[in-house]
Every structure is written in structure tokens, then in C-alpha cells.
Number of protein chains: 2
Amino acid sequence: METKGKRILIADDEPDILEIVSYNLGKEGYEVYTAKDGNEAIERAKQLNPDLIILDVMMPKKTGVEVCSILRSQSLFQETMIIFLTALSDEASHIKGLETGADDYVSKPISPKVLVSRVNALFRRINKDDGKTLKIGNISIDPVKFIVEIDGNEVILAKKEFELLYLLASKPGRVFLRNEILSQVWGMDVIVGDRTIDVHIRKIRQKLGVDCITTVKGVGYKFEI
Amino acid sequence: METKGKRILIADDEPDILEIVSYNLGKEGYEVYTAKDGNEAIERAKQLNPDLIILDVMMPKKTGVEVCSILRSQSLFQETMIIFLTALSDEASHIKGLETGADDYVSKPISPKVLVSRVNALFRRINKDDGKTLKIGNISIDPVKFIVEIDGNEVILAKKEFELLYLLASKPGRVFLRNEILSQVWGMDVIVGDRTIDVHIRKIRQKLGVDCITTVKGVGYKFEI
DNA sequence: TTTCCATCTTAACATTAAGTTTACACAAAT
DNA sequence: ATTTGTGTAAACTTAATGTTAAGATGGAAA
């Protein structure tokens, strides 16, 4: 995998955590840098322009949330991914963290494997969503122009419909659980009713007029031709 | 949901700790097994193939770190999660532990609550990426695409049928007791009638059209070609 | 602002498939 | 011959999804 060259900045006031996390991410081939408080995090972020910043919420000088919103206000860090480390209890800051534009959060105590796999997942997601036009059979899906074409005929989908179709089509054949769909298309914190996904699936099927989404009962949906 | 049926092996030379920890994890619905030194830990791990192994670092016969690296060198334990119990001071073994591939640490003295919540967290997150395609002879079972193929021909199974087949096929040749099947596929708390498994087995046999599930009368079923 | 429009969500109900039980047949072991 | 365990088919129950239409929302145009 091309994790190489990806820079990650980790800010935490506990040396143990810095050590464990940087060791594990380093092992995966990332360039890892550390900071031990909020101010240092901002400073180093400006120097390094990392691809990903992992912020402890509770830090001296500035909290992770503060750091996040300061960085996000600058255009340079508009696209930078941010993960929060939070204490399990700290429910309120989860919400705040997400509001200030974090991409993910991981609850302490941290499992290195879990963190690494989340980081990998984030990069994986980002790498793909670079706006590649998907082409599966006679269907093409262009996330930049926001257009779906079947045999050259343009089909117009609404935002959610498009995102859902794009998700499924990004890994043809793979079954996506309803949970996965919810967290990817709607977001982890959003709670919507049981039938919402179905209805969107139905509309997609209807608009496309092609039977390319298969239901796997009790499991989820998959895209295949 | 399915913390049930998850097997945990705990190795520690202090009976008190074994008792407290297994009591607390047992209460959560895990199947808990114990070992009182390094050698016994390895032996039981091979018997049980647990989902998680909790190792005391300081043990007679073999240390937790030694046990870990021995197990990790075998493919069977490549994916098994491992947690170390360490004395707080023991900084050096942290590093060593990480090198041998542990997933988490808990420092002594242990708070049962903390340990339980870490274990739960591990299982919660890990549950996501446990999808490996099994290939036995001309049969392949892909839990990501939710597809079974025989000589390249796709066979569609329902959820329970698939889970049951996947379980049996995960250890070809091994006999699964009806109890085991029930707790792994259905969950420990679910109570279903006597013939339920048979009927599912029958449907699988029927759909596959290949005789790959063998009845071991009075014992259970096994997958073999 | 108000109105309009498309999108998104929800609720209620219909439909289908999955899963379970029942009842009995059969086979092997005692 | 009786007991025990499993196979089979059909009836039955439950769970999951499909469908439709009716609000809710929010942005754009009048």
C-alpha cells in the first residue's frame, strides 16, 4: 500500500500514548510527528502541513477542540483530516469535536490496532474519493460533475441518492451493512429511521431503471450487474 | 449483540486475579478460560482458539511476552487479539509487548471495570474487519460479498445458512457440537427448537448440491470435502 | 417575506423471505 | 422391540424490506 510519505501529527500530553501510537503508525509506514500540548500542535501543524492530525481533547495550553477550530479556520487546513482522542465518558466533546469538523474520534483507552485501522481506513477513503469516475458495465458515476450515465443517457440523482449509489458502486459486489451505509452516507452521529435507506434505494432503482442493487436480507445491500 | 460465544483465555499466576477477571468477563457473556503459567497458556490457546488472550507479563515457565511471540509466529494466532497485564513500572516490557504484536495494555493493579470496558471496546471495533474469504477445495466463501461459489458458480444462501456454513468451514474437519453452533450462530441467549439446526443444514446441503457437511451422530457436524 | 420546489424523512401498511416448529419417517444402537 | 438421534417436508411465525403517500425542511425565486 502507498501509505508512504503520508505525514501524521499526534498531539497528546501523555508520553506513553505518544510513544505507543507513533510506534504503531510508524510501523505502518507513516511519517509521524508529535506535539505535547495545544500550542505546539498548532505550531508544528503549520510547519509540517500533515495529512492527518490526531488530537487529544484534554491537553494543556489549548484543548484539542480549540486547536481543531483554529486550524479549520485557515484554508491550509481545510482538507486536513483530524481525529480526536477522547475519554469514553466525555460524550459532550464528541459532539463538539464533530461540529468543529473532525473526521473521526477514537475513545480512550486506545487500542493501537484499532487506531491504526481507523487511520488506514481514513486514508483509504480519502484516496478513493479523489473524484474518480466509476465505471461499472454500462453505468458511469462521476462524483465531480455529480452525474450518472447509463449507456450515455444522463440520470439525475439527489444528493443522498448519489452518495448512496456511489458508496455501493465503489466496491461492486461487496455487501454494505445498513450500519455502514448510515455512518458513511449520513454520518456516525445522525440518527434516522429504519425505512430511510430503503426509500432511497427504491428511488435509485426507479431512476436508474436498471437492476443493479441487490438486497441481502438481514445483512445489507450490494451493487452488482 | 454478539459478545456472546466470544472466547477469552486469561493467563496469570495469581489465582485471585484469575478469579476476579473471569468472574467479571463471564458476567458480560464471554466464555472465559484460564491458565496459570506460560506453557499452559500456549497449550490451552491451541485447544480453544480464543478470540482474545489476556496475558500477565510476569508468569512462571514463560513470560507473557514470550507466549505472545510464540503464538504470533503461528498463522492460527495471527488475528487473535492479545492484551497484556503489566505492572505499572514495567516500562521496558511495554515496548517489547508492542513489538510482539499486542493489541492493548492494562496496568496492574487492575480495575475490573476498566478491563471489561477495554475488552468490550476491542470486540466492538474489531468486529468490523473479520471478513476473510475461505477457500476449501472448489468451494469459496466470501463474507464480504456474502457469496458462496462452487466451481465458480454462485450460490445464494440466507443469512443463518451462510453464518452456519461459514462457521463450519472456518475449521474444516473439526466437529462442531450442536451447542457450539447454537451459541456462535444464534447466540447464547437465544433458545430455538431441536430441529432448527438440522433444517438449516439440510437447506445448505440442498443449495450447495455438494456433500461437504458430514453428520457425526450424537456429536455434531463437520465440514469436509 | 412569501411561495414554490425538490429533497429528505417518516409513518403506515403490504409483501416477501427467512427462520422455526411440527409431525412423522427412517436408521442405527441398545 | 425400543430408544435415540437425525432427515424431510410442510405449515406456521416472525422479521426484514418494499411501497406509497404524506409531512418536514431548507434553499431559491418571485
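In the text below, chain A, chain B and the rest are named by the order of the sequence lines, each starting its count at 1.
- Proximity of A:Arg202 to the phosphate of D:dT20: a side-chain N or O atom is located under 4.0 Å from OP1 or OP2.
- Distance A:Leu182 CG to C:dC8 C1': 14 Å, rounded to the nearest Å.
- Looking at A:Lys160, its side chain has no donor and acceptor atom pair within 3.5 Å of the base of C:dT7.
- If you find the closest nucleotide of DNA chain C to B:Gly193 and to B:Ile156, the one lying nearer the 5' end belongs to B:Ile156.
- Across the interface with DNA chain D, nearest-nucleotide mapping of A:Arg178 and A:Gln206 shows A:Arg178 to be the residue nearer the 5′ end.
- One can place CD1 of B:Ile181 at 14 Å from C1' of D:dG5, the figure rounded to the nearest angstrom.
- Put simply, A:Trp186 has no side-chain N or O that comes within less than 4.0 Å of OP1 or OP2 on C:dC8.
- Judged purely by atom type and a 3.5 angstrom limit, B:Glu40 uses its side chain to pair as donor or acceptor with the backbone of B:Lys36.
- Residues B:Glu31 and B:Ser183 share a closest heavy-atom pair of OE2-OG, 4.0 Å.
- If you measure from atom CD of B:Glu163 to atom C1' of C:dT20, you get 16 Å, rounded to the nearest angstrom.
- Where B:Val216 and A:Val216 meet DNA chain D, the nucleotide closest to each residue was compared, and B:Val216 sits on the side nearer the 5' end.
- When each of C:dA17, C:dC8, D:dG7 is scored by its nearest atom to the side-chain atoms of B:Asp198, the top-ranked nucleotide is D:dG7.
- Atom P of nucleotide D:dT17 and atom CG of A:Asp194 are separated by 9 Å, given to the nearest angstrom.
- Closest to the B:Val199 side chain, of the nucleotides C:dT20, C:dC8, D:dT6, is C:dT20.
- To the nearest angstrom, P of C:dC8 lies 14 Å from CD1 of A:Ile201.
- In terms of phosphate contacts, A:His200 brings a side-chain nitrogen or oxygen within less than 4.0 Å of OP1 or OP2 of C:dT9.
- OP1 or OP2 of D:dG5 has not a single side-chain nitrogen or oxygen of B:Arg195 nearer than 4.0 Å.
- Separating the CG atom in A:Asn138 from the CD1 atom in A:Ile225 is a distance of 5.5 Å, to the nearest 0.5 Å.
- Between A:Arg205 and D:dT19, a side-chain N or O to OP1/OP2 separation shorter than 4.0 Å is absent.
- In this structure, A:Leu177 places its CG atom 15 Å from C1' of D:dA16, rounding to the nearest Å.
- Between A:Glu180 and A:Arg174 there is a salt bridge, since at least one side-chain N of the basic residue sits less than 4.0 Å from a carboxylate O of the acidic one.
- Side-chain N or O atoms of B:Arg205 include one that pairs as donor or acceptor with a backbone N or O of B:Ile213 at under 3.5 Å.
- Each of C:dA27, C:dA18, C:dT20 was ranked by its minimum atom distance to the side chain of B:Lys203; first place goes to C:dT20.
- A straight line from CD1 of A:Ile204 to P of D:dT19 spans 13 Å, rounded to a whole angstrom.
- Listed pair B:Tyr221 / D:dG7 meets the phosphate criterion, a side-chain N or O lying under 4.0 Å from OP1 or OP2.
- Separating the NZ atom of B:Lys217 from the C1' atom of D:dT4 is a distance of 8 Å, rounded to the nearest angstrom.
- The pair A:Lys203-A:Asp198 does not meet the salt-bridge criterion, since no charged nitrogen lies less than 4.0 angstrom from a carboxylate oxygen.
- Within the 4.0 angstrom heavy-atom criterion, only backbone atoms of the sugar-phosphate kind lie near A:Thr215; the bases stay farther away.
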